[in-house]
Number of protein chains: 2
Amino acid sequence: MGQANPPSPLAPFIAKLERRCPLAPDDREALLALTPSVQRHDAGRYVVRAGEQNLSFMVLLSGYVHRHRVLANGSRQIVAVHLAGDLLILPHTAMRRTTESLQALTPVKVAEVAAASMIALSRERPAIAEALLLESIADASIFREWVINLGRRDARTRTAHLLCELGTRSAESDLGNRTTFRLPLTQEQLADVLGLTSVHVNRTLRGMKSSGLIDYGNGWVSVPDWTRLRKEADFDDGYLCLDPA
Amino acid sequence: MGQANPPSPLAPFIAKLERRCPLAPDDREALLALTPSVQRHDAGRYVVRAGEQNLSFMVLLSGYVHRHRVLANGSRQIVAVHLAGDLLILPHTAMRRTTESLQALTPVKVAEVAAASMIALSRERPAIAEALLLESIADASIFREWVINLGRRDARTRTAHLLCELGTRSAESDLGNRTTFRLPLTQEQLADVLGLTSVHVNRTLRGMKSSGLIDYGNGWVSVPDWTRLRKEADFDDGYLCLDPA
DNA sequence: CGGGACCTTGACGCTCATCAATTGCAGTGG
DNA sequence: CCACTGCAATTGATGAGCGTCAAGGTCCCG
């Protein structure tokens, strides 16, 4: 409350953590007292490359990042789209080599804290460890939903579902309204999220547009009728774990 | 070491935790001192049903369990296959209603500890919280791999990849050798894992069999040439996070 | 011996991938 | 101001991979 600290760049991230897992004032102070280094990257730049061993706990401060893997056969699958406030790399994950890359979709700012100091902090303060665990659990829940989406929904439903998720998460991260939000992905990138080809994504989006499900263009989506989209998408936001446990 | 506790049913689970995250003796003792209740379920029975609010931290002691969701259109997607020693429900996950069900594939034994006491324990003992976080991170990594598998690999590669994963995990859980392991899933259940139909799974498996990639039958798989299977599957076990961080 | 899972196989059709142009648009330099 | 360039979106034609439907076949168990 009455602290005189300089404003931390991590503040939005902490706020997001606290939506799931409220922290005691001294735990919050401890997080705010971290002095992350802040990196900027242009759109298209890699934040972390596959094969690198990164040693930092990382948080996305602004912009959009995707996490993807390039397969032996040359195809690519995007496994996550990160919004401002998202955790990009957990402290323990930082210690190991990854086979996935993180790439900026827009100009981004990323905060980095040495993994070791984050681990030390969460050992001292159980509440912080707990908050990180909850983030990790929520992430895993999203990945499972993507498995379902890719496994058992057709192109249109699958696309609609992705848009519902991104709308909801954008709203949750104060990046707009769930019915009007930014979507800084090319159709080819959307295809790599959805396990489709860009040609088919194009046809699917145009189909959704022409039936009035969504309005789409220029990196933005707007949803005239949320209930209808939600129904077509078979979307239930429970898996996003938005309410505190 | 020299403790006189009665053998805890959790011992194999703890051993598995420690492979990723060694514990100090007193932390291990604290886990061993838990007195879980042990439930048995027959094959086919639900361990947890979608929509229920379960209040227990749960560990699979023996047998096989799958986690799945039934969609509005009636189709089903299995999002995880759990082996003995796996964590079924994390403490915090236990507090919320789930949209996925856990169902026994074989007769199983499941240990339950009240979520609240597990949360209390991990607040007292940072090392335990840390071990749980690592488990959760490893789970999430597996889910991402499944996203990749469903999104960008064809039926044969995808099936081969699943078999590589289950072989490796079986070996890791001391359920056999990665080249000869139990696979207690019907072809219809495999289809629900792989996002295919049972007819196509059948053809895929027979194809793999007839080209000598695998030997399959009666709930068991054996792999004549691991390197070959691994290559066809585009499998790299890094995502399983088997080495300690 | 009958019933019920599960596996197997064939015929056919639909989604979605592939290949290949073409269009639109923003940036860039003459 | 206008070619020129390059990336993304769009569209059409064709075909493959996988789904759907339907019919046995096999094995286990009561």
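All values reported here derive from a predicted model rather than from experimental measurement. Sequence lines set the chain letters: A, B, ... in the order given, protein chains first and strands last, and positions in each chain run from 1. Both backbone and side-chain heavy atoms feed into the values below; hydrogens, waters and symmetry mates do not.
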Next on the checklist: Rounded to whole Å, how long is the line connecting atom CZ of A:Arg76 with atom C1' of C:dA17?
Outcome noted: 17 Å
Next on the checklist: Once rounded to the nearest 0.5 Å, what's the spacing between atom CG of A:Asp192 and atom CD1 of A:Ile78?
Outcome noted: 5.0 Å
Item to check | Side-chain N or O of A:Asn202 closer than 4.0 Å to phosphate OP1/OP2 of D:dA9 | outcome: no
Checklist entry - Step by step, would you call B:Tyr239 with B:Ile142 a side chain to side chain contact (heavy atoms under 4.5 Å, CB included)? => result CA-CA 6 Å; B:Tyr239 73 95; B:Ile142 293 178; 4.2 Å; yes
Checklist outcome for this item: Separation of C:dT23 atom C1' from A:Gln187 atom CD, nearest Å, is 13 Å
Next on the checklist: Output the rounded distance in Å from CD (B:Gln189) to C1' (C:dA5).
Outcome noted: 11 Å
Item to check | Salt bridge flag under 4.0 Å for residues B:Lys16 and B:Glu135 | outcome: no
Checklist entry - What distance do B:Ser141 atom OG and A:Arg96 atom CZ have between them, rounded to the nearest 0.5 Å? => result 8.0 Å
Next on the checklist: Nearest whole Å is fine: how far is C:dA5 P from B:Leu185 CG?
Outcome noted: 18 Å
Next on the checklist: Using five pairs at each end of the helix from C:dC1-D:dG30 to C:dG30-D:dC1 to define an axis, what is the angle between those two axes, to 10°?
Outcome noted: 30°
Next on the checklist: Distance to the ring centre below 6.0 angstrom and angle to the axis at most 45 degrees; does that hold for B:Arg144 and A:Phe143?
Outcome noted: yes
Checklist outcome for this item: Separation between CG (A:Asp225) and CD (A:Glu232), nearest 0.5 Å, reads 10.5 Å
Distances under 3.5 Å between protein N/O atoms and the N/O atoms of nucleotides 14-21 of chain D, please, pair by pair.
unit_1	atom_1	unit_2	atom_2	d
D:dC18	OP1	B:Ala155	N	3.0
D:dC18	OP2	B:His200	NE2	3.4
D:dG19	OP1	B:Thr197	N	3.4
D:dG19	OP2	B:Thr197	N	3.2
D:dG19	OP2	B:Thr197	OG1	3.0

Checklist entry - Is there side-chain contact between B:Leu102 and B:His66, with at least one heavy-atom pair below 4.5 Å? => result no
Checklist outcome for this item: A:Asn218 CG to D:dA8 P, in whole Å, measures 14 Å
Checklist entry - Which comes earlier along DNA chain C counting from the 5' end, the contact point of A:Thr204 or that of B:Leu205, where each point is its nearest nucleotide? => result B:Leu205
Next on the checklist: Taking salt bridge (charged side-chain N to carboxylate O under 4.0 Å, His left out) as the criterion, tell me which of A:Arg169, A:Arg158, A:Arg153 meets it with A:Glu145.
Outcome noted: A:Arg153
Item to check | Separation of D:dT10 C1' from A:Glu188 CD (nearest whole Å) | outcome: 14 Å
Item to check | Whether B:Glu112 side chain and B:Met58 backbone form a donor-acceptor pair below 3.5 Å | outcome: no
